[in-house]
Amino acid sequence: MNSLANNLIKRLIVNFVTRLADCRLRPALLAVTLLLGLSTAAIRADEPSGPALYQTFCAACHGVGGEGDPTWPKPNALGDIPPPPHNAKGHTWRHSDDDLVMMTLNGHRDPYNGSEFLTMPAFKGILTEAQVVGILDHLKTLWTDKQLAAQAALNSSEHLPGGEL
């Protein structure tokens, strides 16, 4: 099976299963999909990074256009916060590139989450840092100029001596 077909099959399975599943099951469903070998084997260095990787690994939870879960920010029955939007209606731009890369690679648990589950599953070992940066570059195409400027200033402040504003 060629890489494009493999990616398409994996994306369809992940989209279908994660839309049906409770938010707390999404990390487990992603893990099962990865164990089935439908993702990482299909990703090669010569494939496009940002938009294609976003659609493969992020869109099932955060929406094809970065619109997030329709119930965000209302917690579900377990008190877990659903996936936020990554477009201009979201708050992704309020985080630095370094923080977003670390959240994506290591996972993240929203402090307001009502359960012990990670809000964002970890993608370390699944995606490289360069691939995550490619996804982030794609997300930035969904933000306003004002949001881009604010996020750029935040990135600059992290690289000052002492890392302070």
Side-chain angles (χ1 to χ4, degrees), residues 6-43 49-129 131-144 146-148 150-151 154-155:
N6 198 359
N7 270 335
L8 179 61
I9 291 168
K10 186 227 150 243
R11 202 172 350 160
L12 290 171
I13 291 169
V14 170
N15 280 323
F16 176 75
V17 174
T18 55
R19 292 288 177 200
L20 293 177
D22 188 304
C23 290
R24 66 190 166 97
L25 297 178
R26 287 180 177 160
L29 292 169
L30 180 62
V32 168
T33 303
L34 295 172
L35 288 173
L36 290 174
L38 297 174
S39 61
T40 55
I43 297 175
S49 59
L53 290 171
Y54 176 84
Q55 293 305 317
T56 300
F57 292 99
C58 312
C61 295
H62 293 283
V64 172
E67 65 276 8
D69 188 286
T71 63
W72 183 85
K74 184 181 177 198
N76 65 17
L78 294 173
D80 292 341
I81 310 291
H86 286 312
N87 60 18
K89 294 180 181 180
H91 63 268
T92 309
W93 60 272
R94 294 183 182 202
H95 300 282
S96 71
D97 286 351
D98 290 344
D99 286 344
L100 292 168
V101 169
M102 293 313 294
M103 283 185 225
T104 305
L105 291 175
N106 299 322
H108 174 72
R109 185 181 174 283
D110 189 296
Y112 299 104
N113 220 23
S115 74
E116 73 279 3
F117 296 104
L118 285 174
T119 310
M120 170 74 182
F123 284 87
K124 186 178 278 183
I126 299 166
L127 295 170
T128 66
E129 185 172 333
Q131 289 171 322
V132 174
V133 169
I135 292 169
L136 179 55
D137 288 343
H138 168 65
L139 293 180
K140 290 179 182 184
T141 68
L142 306 175
W143 302 345
T144 67
K146 187 175 179 180
Q147 290 168 334
L148 287 167
Q151 206 258 351
L154 185 60
N155 287 331

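Heavy atoms only, all atoms of each residue included: A122 and L105 are closest at CB-O, 3.4 Å. Nearest heavy atoms, P83 versus C61: CB-O, 3.3 Å. T92 and P85 get closest at one heavy-atom pair: OG1-O, 3.5 Å. For the residue pair L154 and H95, the shortest heavy atom distance occurs at CD2-C, 3.5 Å. Here the shortest heavy-atom pairing between V64 and Q55 reads O-NE2, 2.9 Å. The heavy-atom pair separating P75 from P82 by the smallest distance is CA-CD, 4.3 Å.
Atoms CD and CZ, from Q131 and F57 in turn, are 7.0 Å apart once rounded to the nearest 0.5 Å. One finds the OH atom of Y54 at 7.0 Å from the CG atom of L142 (value rounded to the nearest 0.5 Å).
Taking H108 as the reference, nothing meets the ring pair (Phe, Tyr, Trp, His ring centres under 6.0 Å) condition, with sequence neighbours excluded. R109 meets the side-chain contact (heavy atoms from CB on, under 4.5 Å) test with N113, L118, T119; sequence neighbours excluded. The side chain to side chain donor-acceptor pair (under 3.5 Å) test applied to N87 returns no partner, not counting sequence neighbours. The side chain to side chain donor-acceptor pair (under 3.5 Å) search around N106 returns K124, not counting sequence neighbours. Residues that satisfy the side-chain contact (heavy atoms from CB on, under 4.5 Å) test with T141, not counting sequence neighbours, are H138. The side-chain contact (heavy atoms from CB on, under 4.5 Å) test applied to A88 returns T144, Q147, not counting sequence neighbours.
Without hydrogens or angle criteria, E129 side chain to V101 main chain gives no donor-acceptor distance under 3.5 Å. Side chain of W93 to backbone of H86: no donor-acceptor contact under 3.5 angstrom is found. With hydrogens and angles ignored, the 3.5 Å screen pairs no side-chain donor or acceptor of Q151 with any backbone N or O of L148.
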D80 and F117: CA distance, side-chain angles, deciding distance, side-chain contact (heavy atoms from CB on, under 4.5 Å) verdict: CA-CA 8 Å; D80 292 341; F117 296 104; 4.1 Å; yes
From CA spacing to verdict: side-chain contact (heavy atoms from CB on, under 4.5 Å), D97, L136: CA-CA 8 Å; D97 286 351; L136 179 55; 3.1 Å; yes
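Checked against a 6.0 Å centroid threshold, the rings of W72 and H62 do not count as neighbours.
The side-chain heavy atoms of T71 and N76, taken from C-beta on, include no pair separated by under 4.5 Å. Counting only heavy atoms from C-beta outward, the side chains of T104 and I135 never approach each other to under 4.5 Å.
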